[in-house]
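Here is the structure we will look at, set down as structure tokens.
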Amino acid sequence: MWCDPMKHVYINEIASHVGETILLRGWIYNLRSSGKIKFLIFRDGTGFLQCVAGKADVSGEDFELISTVAQESSVEITGKVREDKRAPGGFELVLSGVRLIAGSENYPITPKEHGSSFLLDIRHLWLRSRRQHVVMKVRHHAISAIRDFLNNRGFLCLDTPIFTPNVCEGTSTLFETDYFGDKAYLSQSGQLYNEATAAAFGRVYCFGPTFRAEKSKTRRHLTEFWMVEPEVAFATLEDIIDLAEEFFEYIVLRCVESCGQELSDVLERDISKLEAVKRPFVRLHYDDAVDLLKQKGVDFEWGNDFGGGDETILGEAFDKPLLVHHYPTRVKAFYMERDPEDPEYCLSVDMLAPEGYGEMIGGGQRIHDLDQLQKRIREHDLPEEAFRWYSDLRRYGSVPHSGFGLGLERTVSYICGLKHLREAIPFPRLLNRLSP
RNA sequence: UCCGGGGUAGUUGAGUGGCACAACACCACGCUGUUAACGUGGAUAUCGCAGGUUCGAAUCCUGCCCCCGGAGCCA
């Protein structure tokens, strides 16, 4: 082979190879040329690296190739690693050889600005760009932090079904599919099943895709998104708020640790705002949140749920996440436990991120009394037969239990400072968008 | 579903009744330290679609389609 016996290394390992001649495999990201010296920006999936080719350093044939190689052509390159302040990232490769693997013609994404519609149509290519690399890396580390946090605390990951036979909460619009002649719906939450596994295993979570057929056309909505839902047997509202705080702090700080530099350099994220995500967060009773909104001049009627604009105003009022608890019973799902002091309120909690990013977490304590649950099922006009297995959880050794759901894309979006959720998932599914 | 903005070259935009423009991308040439490099030249358009008004329509009128943002709903 052309490259033997040289060692193939990745760009993210380059710092430990200064002075060595190495082999890299990847794609041409950009080319700058200044007569007899060429600068090519090369990417291999682990990073971006500036490569320099002087006319004297490589063969005439290779120099010609470097001069004409198109953006996103795949190549194998060899060269010597050098530390140089003039290079972005501090390291560069002095090229000694280039081999074209496959060419590329008229790559549609240019170094200038593009519209979101155009970029989403070519999402499969857009993912190659620098900005998307950072966002996807943050997504990966957020997922990894979520799993580590829960796994290290004795939670079992027990995933819940995506095909479901009934309307789980009776609120959201669901996607309907044909299931061998019967109707099945794509899951909008794993929570009811989580309650079953929590009664079997104590501390559990599910982490998977969630589907909502709402015709929402806003920056805060996807029709398919990922949600992690921990559920804990014997936990009260207070316990689950503590858990949510610790969980969110851990995810944010882990992403800052692993991607802080890129967040700051490429996405221009203000890291100090993320570093402020430290416990204790701000906790407000629903009534106090309503008062705060009114103080801010919002015309808000007690008893309603907060709209997107209200969430933005509440979240922007503090420099750390805000936990609003004890929402009115009537705006929350049927399974929410009522406040024993005042049944107008329920034992629920939402966590709103700072900087107007809105709701990251929603959860609370579930009804554990059978009579109470059946009453609520009837009040909400839900089919009792379909909820029979769910009611069983209250027939056989029912215990207080609580849980919450955290939206992955909203969390990634907040950490990265994105303007729209669609950049926080590799292939977003939106109203009017099912491809690529 | 409702409200607002928009559709002009591959892309991003300018163009309010009289020869369709610019930048980037592409092609050619020049340049030995570039940082979304730069300079000179070239090629590139069914002005969303269908009607209408007019001597003349990207521009005015009617209908339709599509995109973007927001509301409702939600994580």
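Please read these numbers as outputs of a predicted model, since none were measured by experiment. Order of the sequence lines fixes the chain letters, A, B, ..., with proteins taken first and strands second; residue numbering starts at 1 for each chain.
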Would you mind telling me which of U34(B), C68(B), U32(B) lies closest to the side-chain atoms of R32(A)? U34(B)
Whether the side chain of T177(A) engages the backbone of Y185(A) through a donor-acceptor N/O pair (distance < 3.5 Å, no angle test) should be reported. no
Would you indicate what P88(A) reaches in the nucleic acid, counting non-hydrogen atoms under 4.0 angstrom: base, sugar-phosphate, or nothing? base
Scan E105(A) against the nucleic acid and name what it touches under 4.0 Å (heavy atoms): base, sugar-phosphate only, or nothing. nothing
Once you apply a heavy-atom cut-off of 4.0 Å, does F118(A) come out as touching a base, just sugar-phosphate, or nothing? sugar-phosphate
Only one of R376(A), H368(A), H401(A) clears side chain to side chain donor-acceptor pair (under 3.5 Å) with E337(A); which? H368(A)
Is a donor from one side chain sitting under 3.5 angstrom from an acceptor on the other, for T164(A) and S187(A)? no
Students often get this wrong, so: under 4.0 angstrom with heavy atoms, is S34(A) touching a base, only sugar-phosphate, or nothing? base
Mind checking if L421(A) touches a base, just sugar-phosphate, or nothing, with heavy atoms under 4.0 Å? base
Need one value for E224(A): base, sugar-phosphate or nothing, where a base atom within 4.0 Å counts as base even if backbone is also close, heavy atoms only. nothing
Give a yes/no answer on whether the side chain of R220(A) brings an N or O atom under 4.0 Å of OP1 or OP2 in A71(B). yes
Determine the contact category for E113(A): base if any of its heavy atoms lies under 4.0 Å from a base atom, sugar-phosphate if only primed atoms, P, OP1 or OP2 are that close, otherwise nothing. base
Give one of base, sugar-phosphate or nothing for K217(A), where a contact means two heavy atoms less than 4.0 Å apart. base
